[in-house]
Structure formats: structure tokens, C-alpha cells
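In what follows, a structure is listed as C-alpha cells, so that the remarks can point back to it.
First the proteins, then the strands, lettered A, B, ... as listed; each starts at 1.
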Amino acid sequence: MRGATRARWAVGAVAVALTATACGGGGDSGGGGGGADGIVSSSWGDPQNPLEPANTNEVQGGKVLDMVFRGLVRYDSKTGQAKNEIAEKIDSSDSQNFTITIKDNWTFSNGEKVTAQSFVDAWNYGAALKNNQKNAYFFQYIDGYDKVHPESGSASVDKLSGLKVVNPTTFTVKLSQKFSLWPDTLGYAAFVPLPKAFYSDHDSWLSKPIGNGPYTIESYSKGSSMNLRRWDDYPGSDKAQNGGIDLKVYTDNNTAYTDLTAGNLDLVDDVPASQLKNVQADLGDRYINTPAGLIQTLSFPFYVKAWNTPGAVKVRQGLSMAINRDQITDQIFQKTRTPASDWTSPVLGEEGGFKEGLCGPSCDYDKAGAKKLIEEGGGIPGGQLKISYNADTGSHKEWVDAVCNSINNTLGNNKACVGDPIGTFADFRSQVSTQKLTGAWRAGWQMDYPLIQNFLQPLYYTNAPSNDGKWSNDEFDGLVNKANAETDKAKAVSTFQDAEKVLAEQMPVIPLWYQNGSAGYSDSVENVSLNVFSVPVYNEIKVK
Amino acid sequence: MGRYVIRRLLQMIPVFFGTTLLIFFMVNVLGDPIAGLCGERRCDPATAARLASEFGLDKPAWQQYLTYLGNIFTGDFGTAFNGDKVIDLMGEAFPVTIRLTIVAIVFEIVIGISLGVVTGLHRGRPIDTGVLILTLVVIAVPTFVTGLLLQLLLGVEWGIIKPSVSSEAPLDELIVPGLVLASVSLAYVTRLTRTSIAENARADYVRTAVAKGLPRRRVIVRHLLRNSLIPVVTFIGTDVGALMGGAIVTERIFNIHGVGYQLYQGILRQSSQTVVGFVTVLVLVFLAANLIVDLLYAVLDPRIRYA
């Protein structure tokens, strides 16, 4: 039996090898000491674009910018209200010409002073066509934008004519139209100031961005991790309560969640859908589920004639009534979404323009009424509703199937609604934005800034950049223009709500639900919360 | 021998062009990658046009392919959409995946061949039946089940390993993922070795070796095993390429930032430069591994000669 002896030896060797890993593995979790200098480890995703403020349009890159930069205005993490940060005051007498004065005690972490010029240069850089910044359209309201960033062709000038530096702490902005809420948009990351190093040595800035926020970047290895450390000389009031944040890129949020439950990670800001059932048992009250500025809708193609008729309005209202929102948010999303009854988000608050029930009976589940309306409207155009979605991320299949199921039940027809998966997000977006789809499609809108304007104008105004369904309504456009010209904020908000009532009558898109942000954290950290953008408020996290 | 190698190397050229051409066009017909870059909103037309021309997407596909090939020969694999050079991504991903593959191959060789020899020499005995059933189970259970199960048990429940691999991916953290990655191939190696050994155990040269009074160890290792290894080496050789390219599932489960991860990201974001670049290198690895396998035949069995 000598062979068998050898086999036993081989098995033994593997066992030894496994035990050896054990010693290497278990020891160093978390990292850093406790208390005020403790380091928080957090899950992260690979940013899709280079980390330039005006080029970052998704959450993962936005997270970093939020830690490394501060702008003129900052949104309160709980209420979403815009408050002056670097701005001393932003004045305007006519809602079109603004004078911005900044505090003079701000510096970048490399010692350079933050001046009016730092803002004007950054904004000019962000708006200029030649720099390919994906958020360039944030500067569209500033006078001269159409010159530095024309719809097609090349730019004639490279500086916005609406920006003027008066002195090191003052600059003026002239908008191309009246926009009373414009100062409230300035909390968006695209509007942050940039140091001179950004322009003089762009590549090395990108490999290790320098900003003026509560954290500095200690090391950044692209695609795998970023270590941020507290900047002790940070001039702002919201100093970091911990020693730093270690962001770790996860290929799969399930793995991040597993790491959290194994005590290997402190914070996961995206609890995977498949774990929602276990999350209460695993984390208890260390699970956060709070509203975020995100709404999901069902869009229709108004460039297809059959959907752009008076009868089709009834059909869309009927379809909206046929969807059992309560059941779907309960059973499929485990209450991480809230049934929608307007076109904004609860994070705006009553004052900001959120109004529960604005949609009226059209957003209530009513089988009989739905069937009646759809029949009155002449039935679903083409006889079948196809709902397109991207199948690669976001597990959209489950809820699209559930929505279809709900519609089919109402109409007593198994083929009235079907899901239509599209392979990748890129392909889905390309079909949506080039008007290739002839049925309905899933849409989602994450706010850029907590303003009712941001939930309406970019999506439903005639030819607006994200009006993919090409819906157009003069009454709606008129009300939006009127709201933007209001000097009184409350008046502006209520006029926007009037515009929203046009949406309730016409139902260009069906509101489905408001999405919550979900996060989980380990028991070695406390004071964890998500802001209105569902990004963790990193600087407030305390290490026990 | 030298001539043979040169001929094989020359044969690689058409294979190389063919595969890159196929992959390039397959990725290109997927649609407009720029559309996905701006998230849920449409890129404004002027920026989209500029981005398209920067990445060369506004030219006809055949022209893009020629430019791409031209660049490859100067070592320029292009730029991924997030601004990283593909060659840098490779520099990060390949060392990790190569380490993982080495761990997996070592497991295949050490465990697979040992078990194969043991079972082959003891056909029909309980140990043979036991190992056969075990390999059957391993082959039948999908890798992601094995992976998640081991991750849960060793990582979360018992705390023996870290559930995820750190970004440096040192060798010791890769042992469990390597075992998971190797598991199915390992079962095949066991079975291949077993059959081959069992067949050759009755061969004349083994009987002669035993009759000569050679020690049992020498008979098994130098005579029996060496002659039985040819099908096994063929399998392991082709497996090198398969493991490197097919590690997507294992890499995702254990959060390893290797080739599989980069390919997955590249496909999701329709970054043709990333996908084509990585696949091109994988094809080269595959071709090289096959060449080495063919050359190894002559080492194992000197009767095989190349001209």
C-alpha cells in the first residue's frame, strides 16, 4: 500500500497549505487604530470616467469628489438644502446677473489659495468643447455657452463670456436666461474650483487628484483601491471625524457584503438585492434604508405616431393604474423602493416641491378603471406593450416581469405586455437615445441637485437633453419658463408643480417608485448615514 | 526541432490575425459605446462626436481595425474609456491572473496526478471508487457553487481565510481561489491519469521493468507514469489558456482584479480596446502553451521526433 501512503501525504500537504493561508488571512482586518484617527474601509466601484470634476457623472467617481472637494454651496446631508460653503454670498437683483463673493480663508491641500480665478478657470475648462467633459452641459445657463460648446462643429472661443473676475474674492456670472434657483445648483461637483496643478500637469493630477475638501488622496491605484486621509489643515467646518477612508474596488457587491459580514470591511453602500432578505438578521440596525433622489419611470416613444394621440393618453393612464406598485415594492424590492405618486422625490421635502399624491388616481392600483381606460383609448398601440431594459446590471428583469404580470392580469391577456431585455447598458442607452425603440422602456433619474427643476426640465422640456421619448407640450414648456423666471423661491416651486400637473394629465412617462439608498456597516464604526444622493457621509463616520 | 518550432511560430500569424479580426468585429457590432458613457442621460452631441473621433469610432470598422493592428506592433494597445492605457491595465491584471493560474496548475499537477496514479494502481478498490465518485461530484457542481460555498464556510463561518482577495493578491491569498478554479480540471486530470496508468500498467515494458527487479518506485515514476503522461500534459497545456480566460467566475467571487475582471468590465462598457487587447494576449498565451505541449511530447517519449 505504498501508493496509498503517498496519497495521504498529498492530502496532508494540502491541509498544511490551507492552514498556512489561514495565518496569513485572518490577522489584519480593518486597519488603522480606533478613535479619531481610525481608518474606515469602504466598498467602491471602478469609476467609469477619469476623475475630473466636470467629467464625473456616476456615483463611484462622485463619492471621491465629495470627499476631496468643496464648492461654493453644499447640500445639507439630511435635508438636501443648499447652504453657502466657500461662498460668502451670492447676490442677484434680476435672477440673471449674479455676483459671487467667496470667503478668503480657503486653500487647496497643496497650499494654493482658492480664489475667484480658481472657479472661473475651472468652469471655463468644464464648459469648453475641446476638453470633452461629460458634464459640460451644467454650464449651459451661463452666457456664452453656445460659443464655447456649440451643438456641432467646433468652438469659436474657449472662454465663457458670462464669467468675469472682479477681484481675488469676487466674480460675476451672467446667465443667458432668468434662472432664480441657479445658485442652488452650484453644489454639484462640476462647479468645484480647481488648483493650477490641474492645468499645468494634468496627467499627474489625474493619477492623484488635489482638491480643497476634508480629505486628501494618499494613494490611488486605478481599478483597485484608493486611500484617503484626513487633511488636518482643512479650513471648512465639516472636518473629518475619522483618520481616513480606504476605498476598495469590488468586482461584485455580493463579495463586498460577504466581506462586511466576515468583519473584513466597515461599510457597504450598496446592499445587493439578493441579500435584502438576510440583511435584518445579519446587520440588524446597522442596515440603513433611506430615501435618495432617485425615481424610476416607464417612458414611451412619442416619435412613434400611435403613442402620440389623444387616445394614447388614456392608454398610458390606464397602464399606470394597472401596475400594482405596493405589491412590487414590497415583494421584489423588500421595501427599498416607495411607490411613486408624483414625478419628483421625497428628498426634496414639501418645501422643495415634493407633493405626495400629485399624480392623482392615475397612480393608484385600480384593475377595473385601468381596463376601462385602456379600452376607451383604443387599446395598447400595436396590441402589445414591450418594455425594454438592460439585462446586464441592476436586476431589472424581476420588476419588469412583475409590472407586465400586473398589466396582463388587469387586461386578462397573457400577451398584453412582455419584457424585452437588451444585452448591455451601453447598447440599451444607445437604442434609447437614438430613438430606436418603438415600445416602452425603463428609465431612471438620479438628481444632480435637490431641486424640483432638475426632476422636470431635463426630462420633459421640449428637446431637453434627457427627453429621450421626444415628448413635447407647449403648456408644460411655458410653465417651466415661467417658474425659472420667478424671483421668489416658493413661487418658483409652486409654478414647477403646476407644470407637473400637466404631466399628470398627459402621463408622458409613468412614475413607478422612488428608490432608497441602502447601506450596511460593521460594529466597529458608528454615526453612519447616507446623504440625499445616497452617498455615505464619510466625514461624519466615527471609528469606535 | 528548430525548424519545427519556426514552422509552428509562422502558423501562429494567420491564427493571430483571424482571432483579432473576429473579436474586433464582434465587439464593434454591439452598438455605440459612447451612448453608455454618459449614464442615464444622453451625451450632448458635440461631446459625443469629439469622443467618437478621439477613440476612432467615427471611421469605418475596417479602418479602425487596421489602425488598431498598426498600433499593436508599436506596443500601443489603445486607451480604455476611463482614460487608462490598456497596456497599464494588462500590467496590473496579468501578473495576478498568472499567479492564480500557477496556483491552479500546481494543484492540478500535484493533486490530480497523485490521485490519478493511486487510483490507477488500485482499480476497483474502495479508494478508486471513492475518488471516482468525488471527481464526479466536483465535475457536476458548477464552479460558482463551490466557490461561494468555500467562501462562506472558510471565510465567514470559520474565519480561516479572508472572503476576498486584497488588491495586491499575494500568493497565499490565492490558494483557495486557485483550488476552486482548478477543481473541475483537477477532476479531469485525475480521471485521465487513472485511465492512462491503468492501461499502461499491463504493458510489456512495465512487466519487464518489474522482472528486472527495479524498485517499485522507479517502475512507477520512470516507466509507468512517464509513458502515461502524454494525454495529461496535452490537457494541462490547453487548460493554461482556458484557466486564464475563464477565470471570470472565480475572480468575481473572490474579488480578484485579474484578466477575467478586466474582460468583464470591458464587455459591460463596450470598451473594444480593452476586450480586443486582452483577448489578443490570451490567444498568444494559448498558442504558446500549445507549442510547449507539443515540444514536451518528445521529452516524455523520445520516439517522437520533430523535423
- request: Kindly indicate whether a cation-pi arrangement holds for B:R252 with B:Y261, taking the cut-offs as under 6.0 Å to the six-membered ring centre and within 45° of the axis.
  value: no
Turns out that what part of A:K248 lies under 4.5 Å from chain B's heavy atoms comes down to side chain
If one checks every heavy atom of A:P458 against chain B at 4.5 Å, the contacting part turns out to be neither
Under 4.5 Å to a heavy atom of chain B? For A:N55 that would be neither
When the 4.5 angstrom heavy-atom criterion is applied to B:V96 and chain A, the contacting part is neither
Under 4.5 Å to a heavy atom of chain B? For A:V249 that would be both
Do the rings of B:F94 and B:F278 sit parallel, tilted or perpendicular, given the 30° and 60° boundaries? parallel
Point to revise | Side-chain heavy atoms of A:D468 within contact of A:S299, under 4.5 Å | key: no
Problem set entry | A:Y303 atom OH, over 12 foreign heavy atoms within 6.0 Å | yes
So, the part of A:N254 with a heavy atom under 4.5 Å from chain B: the answer is neither
Under 4.5 Å to a heavy atom of chain B? For A:E151 that would be both
Max heavy-atom pairs within cutoff under 4.5 Å with chain B, candidates A:N135, A:L206, A:D259, goes to A:D259
Cut-off 4.5 Å, heavy atoms of chain A, and the answer for B:E157 is neither
field: Check against side-chain hydrogen bond (donor to acceptor under 3.5 Å, both in side chains), B:R191 and B:T135
entry: CA-CA 8 Å; B:R191 292 189 148 215; B:T135 53; 3.0 Å; yes
If one checks every heavy atom of B:I256 against chain A at 4.5 Å, the contacting part turns out to be backbone
- Fit a plane to each ring of A:H202 and A:W205, take the angle between them on a 0 to 90° scale, and name the class: parallel (under 30°), tilted (30 to 60°) or perpendicular (over 60°). parallel
If one checks every heavy atom of A:S225 against chain B at 4.5 Å, the contacting part turns out to be side chain
Fill in: CA sep, side-chain torsions, deciding dist, call: B:T79, B:D84, side-chain contact (heavy atoms from CB on, under 4.5 Å)
CA-CA 6 Å; B:T79 313; B:D84 295 345; 6.0 Å; no
Under 4.5 Å to a heavy atom of chain B? For A:D448 that would be side chain
_A quick test of your reading: do over 12 heavy atoms of other residues, nucleotides or ligands sit less than 6.0 Å from NZ of A:K147?_
no
Looking only at heavy atoms, the pair that brings A:N264 and B:P163 closest together is ND2-CD, 3.1 Å
Max heavy-atom pairs within cutoff under 4.5 Å with chain B, candidates A:T255, A:N132, A:D252, A:T261, goes to A:N132
So, the part of A:Q431 with a heavy atom under 4.5 Å from chain B: the answer is neither
